[in-house]
Number of protein chains: 2
Amino acid sequence: MSFFAGLAKPSDFQKTASPVMVPFKSLIQVDRSLSTPVFVQVSDQLGQLIRRGTLVPGQRLPGSRQLATLLELNRQTIVAAYDEGMAQGWLESRSGSGTYVAAHFPEVRPQQLTPEENPHWNRPTISQPGYAFESTVFLQRPVLTQSAGLRLDDGLPDIRLAPMDELSRAYRSYFRWGNPQAHFGYGDTKGHPLLREQLSLHLNETRGLQTAPDNILITRGSIMGLHLTCQVLLRPGDIVVTGETTWAGATMNIQKTGALLKTVPVDQYGMDVDALAVLCQKNRVRMVFVNPHHHYPTTVTLRADRRLRLLQLAEHHGFAILEDDYDYDFHYLSRPILPLASADRQGMVVYVGSLTKSVAPAFRVGYVVAPSGLIDELARLRRIIDRQGDPMLEFAIGQLFKTGELKRHFRKALRTYHARRDYFFNLLTSELPNAIQFTKPDGGMAVWAAFNPVVDMEKLARQASFTGLYVASGQAHNPPGQQLNGTRLGFASSTEDELEQSVLILKKLLSEGSGR
Amino acid sequence: MSFFAGLAKPSDFQKTASPVMVPFKSLIQVDRSLSTPVFVQVSDQLGQLIRRGTLVPGQRLPGSRQLATLLELNRQTIVAAYDEGMAQGWLESRSGSGTYVAAHFPEVRPQQLTPEENPHWNRPTISQPGYAFESTVFLQRPVLTQSAGLRLDDGLPDIRLAPMDELSRAYRSYFRWGNPQAHFGYGDTKGHPLLREQLSLHLNETRGLQTAPDNILITRGSIMGLHLTCQVLLRPGDIVVTGETTWAGATMNIQKTGALLKTVPVDQYGMDVDALAVLCQKNRVRMVFVNPHHHYPTTVTLRADRRLRLLQLAEHHGFAILEDDYDYDFHYLSRPILPLASADRQGMVVYVGSLTKSVAPAFRVGYVVAPSGLIDELARLRRIIDRQGDPMLEFAIGQLFKTGELKRHFRKALRTYHARRDYFFNLLTSELPNAIQFTKPDGGMAVWAAFNPVVDMEKLARQASFTGLYVASGQAHNPPGQQLNGTRLGFASSTEDELEQSVLILKKLLSEGSGR
């Protein structure tokens with residue numbers, strides 16, 4: 001920094017405005033080994049000198065020939081660097097008298113330092129708005145995060161199994177295509193045509209649905225499907241029924257519309273449809289939210305007679321069934337149970353699914369299957385939310401369906417999770433026989449575990465986290481007044497070795513009386 | 001197909017259930033030159049035979065040794081193929097007696113043919129829902145699409161200029177990173193940390209803002225920023241003011257909340273702030289929506305004294321200013337005009353921007369800049385809409401900010417669009433002097449053109465489309481009762497040659513009296 005020492009202060013420059021006082025040769029360093037063009041290097045460094053105050057507004061710069069000589073560069077390089085500065089607005093040319101630092105540049109000078117220079121970087125400059133707004137109470141729930149260490153999570157996939165190389169290749173092929181106007185302009189709000197077509201085939205083949213692409217809206221995760229459906233079908237005061245308890249993402253979306261939430265019990269055969277029938281006699285029910293395949297959080301499957309009854313009630317009372325089939329691809333019985341939507345002949349079911357659990361959460365691809373008129377309306381609403389999905393992502397997933405890669409991945413993941421479920425079940429049975437009650441789930445990626453009532457789950461979760469194990473307290477799943485003390489213990493994202501370590505940590509904490 | 005001719009019908013098979021009657025050697029073809037593993041090929045083709053009815057539920061398959069001999073394959077290959085079928089649930093093993101087509105397979109048989117086989121493919125199977133729902137009238141607007149031919153569009157970027165190779169490389173580097181759990185799990189609802197940090201620096205440097213990453217929410221296009229802000233700040237009955245006319249994406253989002261929309265005139269200096277002041281005396285205004293930089297659709301810039309007055313009114317009356325700065329990066333005066341947000345000291349402004357116009361519409365990256373408390377609330381709402389953005393995309397854009405690629409692209413695009421604006425202005429002046437009125441816009445990507453009142457714009461747009469030229473009728477921009485007859489003619493996405501062809505088509509249609 002010593003060569004700055006004897007320099008005049010910026011205010012002095014402004015008076016004299018003499019270019020020769022600035023030691024350009026020391027201040028501007030060109031490195032030909034960089035991929036950045038030399039004229040860009042010169043122009044960037046001129047910009048920095050202005051931002052730092054070394055060059056000041058209105059100051060005249062050396063002529064291009066003079067600066068070229070000083071820096072031992074071609075004159076055209078300096079001309080190009082000055083052009084850059086003018087295009088960016090911090091240099092200006094005055095006809096006949098050369099190039100100047102723009103007179104009004106101070107208005108665009110940075111008013112915030114870089115992170116390295118500013119100790120208050122993480123403190124927002126404006127922390128309070130001048131206008132009033134209310135926070136919505138029901139949205140204030142803790143965020144679920146995915147830990148990179150040991151975890152018995154909510155039932156997330158093992159991302160290490162996902163076909164990343166194939167996805168990366170599909171992305172690359174999208175970028176390599178010829179006409180950028182056609183591939184990177186506005187696309188179809190309902191989703192990339194390839195994915196809608198492939199998904200339609202996949203759903204018909206694996207789930208017994210009868211869809212055409214017109215029945216499908218590609219969304220960003222199943223939650224967007226729930227959001228759009230609730231916004232379109234529900235009005236303030238409408239009555240919506242869910243099982244007790246159910247997924248917070250659904251209840252928050254129902255509450256957001258101003259609809260009234262009523263619940264019916266869930267037992268080992270799923271939602272109590274008799275209780276629903278009674279409720280329907282006294283109330284005009286608008287929608288029922290249900291996970292027939294694996295109820296969230298308890299993983300139970302809706303029994304066949306109840307499924308039939310639920311559809312009949314919907315037809316009789318005219319309510320919509322919002323079927324959230326978040327983990328259909330992972331079922332371990334020899335005969336998969338088909339979605340309600342596959343038996344729906346009157347169009348009562350809006351079917352929502354996702355690839356989040358089947359590939360990885362970052363690939364935000366979900367879908368809604370519904371009569372085409374509703375799909376059109378959902379898409380109209382979506383236009384004012386985010387306009388459309390990500391065509392690169394939608395193409396890549398569509399491509400992996402087409403080549404069969406994705407189906408192979410599903411089969412591989414199914415086999416792996418099946419083995420992990422069995423291993424985990426045996427572990428829990430042998431290591432924690434008295435501390436928790438659980439059944440072997442027929443499908444999905446988590447075991448629903450009811451802990452001994454003496455265990456303080458909040459405390460247990462906290463103490464587990466000190467040892468590097470993530471486990472949820474399950475607070476969200478235990479309604480006030482009930483003493484379930486249950487939580488979900490996800491087994492799919494961990495190897496057998498990781499599952500064993502995790503269960504042994506839980507065993508140790510419980511035997512030490514932790515969490516009581 | 002001839003070898004099918006003499007075969008028994010599926011129903012006959014069911015009775016006899018003898019595996020030897022099926023000509024496996026003809027029906028299963030293995031191609032070793034494919035990358036698909038041989039066992040997968042065999043298993044896929046067995047699945048097809050079942051789906052087609054050649055193999056029927058409950059039918060016994062040949063032993064693995066027998067089928068291996070028939071197909072001249074290794075026995076382990078057949079064992080693996082049968083395992084695949086069992087994992088998929090369409091084969092089952094009965095202990096001691098071999099492998100069978102699953103007895104209950106019919107439940108998952110496809111009920112829909114492939115597109116090639118089904119002439120009704122595009123007709124949805126369920127076209128009417130059994131429950132009632134209302135379509136929202138204000139959402140029924142035509143969709144803007146991006147044409148690949150000649151166009152004078154709404155003001156879209158020329159995607160051919162975008163740094164596609166660099167973006168593709170940044171995507172690839174994201175895929176190549178080590179720990180998939182960390183990169184493809186759930187991410188931050190507010191956006192990828194790299195992009196929030198880089199965007200904060202960029203906004204402070206180019207727009208005179210004073211942001212920290214905590215003040216920034218990454219969204220999917222600016223429309224999501226508008227949507228979230230309207231949903232959080234507005235309640236039914238609130239009064240919101242916009243210019244007359246304004247962007248439909250904003251008015252639809254305001255209407256969606258149940259707020260009441262009031263308008264004030266827009267002249268050549270932007271929104272009439274005096275009219276707003278009068279309106280504020282009689283009404284409790286909750287929010288004002290404005291594009292100070294380039295008003296949409298007319299491209300005028302809000303004059304300095306009006307900007308100051310608008311901020312003062314907001315502070316005095318306590319309303320929020322929703323500043324949509326959709327094309328800030330493209331301004332052609334030597335001195336850019338800073339956003340309202342840069343002069344906002346009381347936190348009255350919610351600033352919304354986008355990279356849609358700066359890179360390409362498919363890269364759905366927008367942002368909201370606001371006090372951190374509002375950013376937190378917007379993120380809580382976003383969790384129930386789509387949970388988070390696309391981390392690959394957000395990382396790639398953040399990376400291109402960091403390397404300087406994006407700034408270089410902005411400068412290149414600015415120079416190109418500047419030249420195109422001048423060229424287009426000269427073309428309109430020389431070729432269509434009497435047919436339209438227009439001024440040279442100081443920035444943005446379109447000219448606002450008021451056509452001679454005798455021109456029927458709907459007809460002109462239709463006739464232009466017959467010649468392969470897209471031009472909007474501008475219907476959406478011309479409120480009933482006014483006789484603007486105006487539309488936006490975008491110049492940025494066309495080369496000079498394309499602009500010339502387009503203007504000559506317009507000239508020919510107008511001189512032939514078309515559109516009258």
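Note on naming: letters A, B, ... go to the chains in the order of the sequence lines (proteins, then strands), and numbering restarts at 1 for each one.
Applying the side chain to side chain donor-acceptor pair (under 3.5 Å) rule to A:N253 yields the partners A:H227; only residues at least two apart in sequence or on another chain are considered.
Residues A:Y186 and B:T356 are in side-chain contact: their nearest non-hydrogen atoms beyond the backbone lie under 4.5 Å apart. Here the side chains of A:Y171 and B:R172 are not in contact, with every heavy-atom distance at 4.5 Å or above. Two residues are said to be in side-chain contact when any heavy atoms from C-beta on lie closer than 4.5 Å; A:L139 and B:L381 meet this criterion.
Minimum heavy-atom separation, B:M224 to A:D386: CE-CB, 4.0 Å. Heavy atoms only, all atoms of each residue included: A:P391 and B:A362 are closest at CG-CB, 3.6 Å.
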If you apply the rule side-chain contact (heavy atoms from CB on, under 4.5 Å), what do you find for B:D390 with A:R220, and how did you get there? CA-CA 9 Å; B:D390 185 309; A:R220 294 186 49 78; 4.1 Å; yes
Please evaluate residues B:T136 and A:R380 with respect to the criterion side-chain contact (heavy atoms from CB on, under 4.5 Å), reporting the C-alpha separation (whole Å), side-chain torsions for both, the decisive distance (0.1 Å), and the verdict. CA-CA 9 Å; B:T136 304; A:R380 279 192 285 268; over 6 Å; no
Is there a side-chain contact (heavy atoms from CB on, under 4.5 Å) between B:R286 and A:F133? Walk through the geometry before answering. CA-CA 10 Å; B:R286 173 64 176 145; A:F133 75 91; 4.0 Å; yes
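Heavy-atom distances place both the backbone and the side chain of B:R160 under 4.5 Å from chain A. Of the two parts of B:M392, only the side chain, counted from C-beta on, holds a non-hydrogen atom closer than 4.5 Å to a non-hydrogen atom of chain A. Proximity to chain A (any heavy atom under 4.5 Å) is shown, for B:K412, by neither the backbone nor the side chain. Only the side chain of B:R364 comes within contact range of chain A, judged by heavy atoms closer than 4.5 Å.
When each of A:G249, A:G366, A:G389, A:A162 is checked for heavy-atom pairs under 4.5 Å with chain B, A:G389 comes out on top. Looking only at heavy-atom pairs under 4.5 Å with chain B, the residue among A:A314, A:A360, A:S135 that has the most is A:S135. The residue among A:A132, A:G221, A:C230 with the most heavy atom pairs within less than 4.5 Å of chain B is A:A132. With respect to chain A, the highest number of heavy-atom pairs below 4.5 Å among B:E315, B:K256, B:M287, B:H317 belongs to B:K256. Ranked by heavy-atom pairs under 4.5 Å with chain A, the list B:H418, B:Q388, B:R235 is led by B:Q388.
The line from CZ of A:R408 to OG of B:S43 is 9.5 Å long, rounded to the nearest 0.5 Å. The OH atom of B:Y174 sits 9.0 Å away from the CE atom of A:M164 when rounded to the nearest 0.5 Å. Note: A:I385 CD1 to B:L226 CG = 12.5 Å, rounded to the nearest 0.5 Å.
For A:F319 and B:Y131, the gap between ring centers reaches or exceeds 6.0 Å.
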